[in-house]
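Quick caveat, the model's predicted, so the values are computed rather than measured.
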Amino acid sequence: MAAQDVHETAVARYFEAWNSADPASLGKAVAAAWTEDGTYTDPLADVAGHEGVAAVIAGAREQFPGFSFRHTGEVDGHHGIARFTWELVSDADGSAPVAGFDVIVLAEDGRIRAVHGFLDRLPAA
């Protein structure tokens with residue numbers, strides 16, 4: 001598999017996890033996307049392991065019911081590192097109150113070893 005394909009596959013798995021609606025599919029999606037000791041860090045969270053990552057995703061989905069995470073732009077990757085942008089989009093009206101970009105570091109098996117997330121747009125308090 002070409003290097004860019006590895007990055008794009010990892011990002012696709014990442015969004016499958018973030019858009020998993022029920023606990024069973026979320027657990028499977030997180031395990032498919034992250035290594036067992038994988039981390040997720042952004043301004044609001046700093047967790048490790050499948051349970052920690054799943055808890056952050058479940059919390060975001062609880063806070064924003066009826067929203068989906070959507071990849072925007074292109075995946076830019078090299079040497080097992082990739083960056084990409086995303087939005088949190090309302091399924092009802094298409095508005096996107098939250099947006100950001102993430103940098104991921106991949107393990108040799110193509111799963112995510114670390115996510116470094118940045119929030120570019122947040123809803124007004």
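Here side chain to side chain donor-acceptor pair (under 3.5 Å) pairs that include residues 54-69, with residues two or more places apart or in two chains, are Ser68-Asp91.
Put simply, the side chain of Pro123 reaches to within 4.5 Å of the side chain of Val98, judged on heavy atoms.
Side chain of Thr39 to backbone of Ala48: no donor-acceptor contact under 3.5 angstrom is found. Arg111 contributes a side-chain N or O that, together with a main-chain N or O of Ala31, makes up a donor-acceptor pair within less than 3.5 Å. A donor-acceptor pair under 3.5 Å links the side-chain atoms of Ser25 to the main chain of Asp22, judged by distance alone. The backbone N or O of Thr35 lies less than 3.5 Å from a partner atom in the side chain of His50, making a donor-acceptor pair. Side-chain N or O atoms of Arg121 include one that pairs as donor or acceptor with a backbone N or O of Ala96 at under 3.5 Å.
Note: Ile104 CD1 to Tyr14 OH = 8.5 Å, rounded to the nearest 0.5 Å. The structure places CD1 of Ile81 at 8.5 Å from NE2 of His116, a figure rounded to the nearest 0.5 Å. Atoms CZ and CG, from Phe101 and Asp76 in turn, are 11.0 Å apart once rounded to the nearest 0.5 Å. In this structure, CD on Glu36 lies 12.5 Å from CD on Glu51, to the nearest 0.5 angstrom. Taking CD1 of Ile112 as the reference point, atom CG of Leu106 lies at 6.5 Å (rounded to 0.5 Å). Here the CG atom belonging to Asp102 is positioned 9.5 Å from the OG1 atom belonging to Thr85, to the nearest 0.5 angstrom.
For Phe64 and Phe69, the ring centers sit 6.0 Å or farther from each other. In this structure, Phe67 has its ring center no closer than 6.0 Å to that of Trp18.
Nearest heavy-atom pair, Val56 versus Ala45, reported as atom, atom and distance to 0.1 Å: CG2-CB, 3.8 Å. Nearest heavy-atom pair across Gly77 and His7 is C-CE1, 3.5 Å. Taking each heavy atom of Ala82 and Val75 in turn, the nearest pair found is CB-CG1, 4.0 Å. Across every non-hydrogen atom of Ser20 and Ala29, the tightest pair is OG-CB, 3.5 Å.
One hydrophobic cluster holds both Leu88 and Phe15 under the rule that ILVMFWY side chains link at heavy-atom gaps under 4.5 Å. Note: the hydrophobic cluster containing Leu44 also contains Trp86 (ILVMFWY, side chain heavy atoms under 4.5 Å, direct or indirect links).
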Please lay out, stage by stage, how Val115 and Val103 fare under the test side-chain contact (heavy atoms from CB on, under 4.5 Å). CA-CA 6 Å; Val115 175; Val103 176; over 6 Å; no
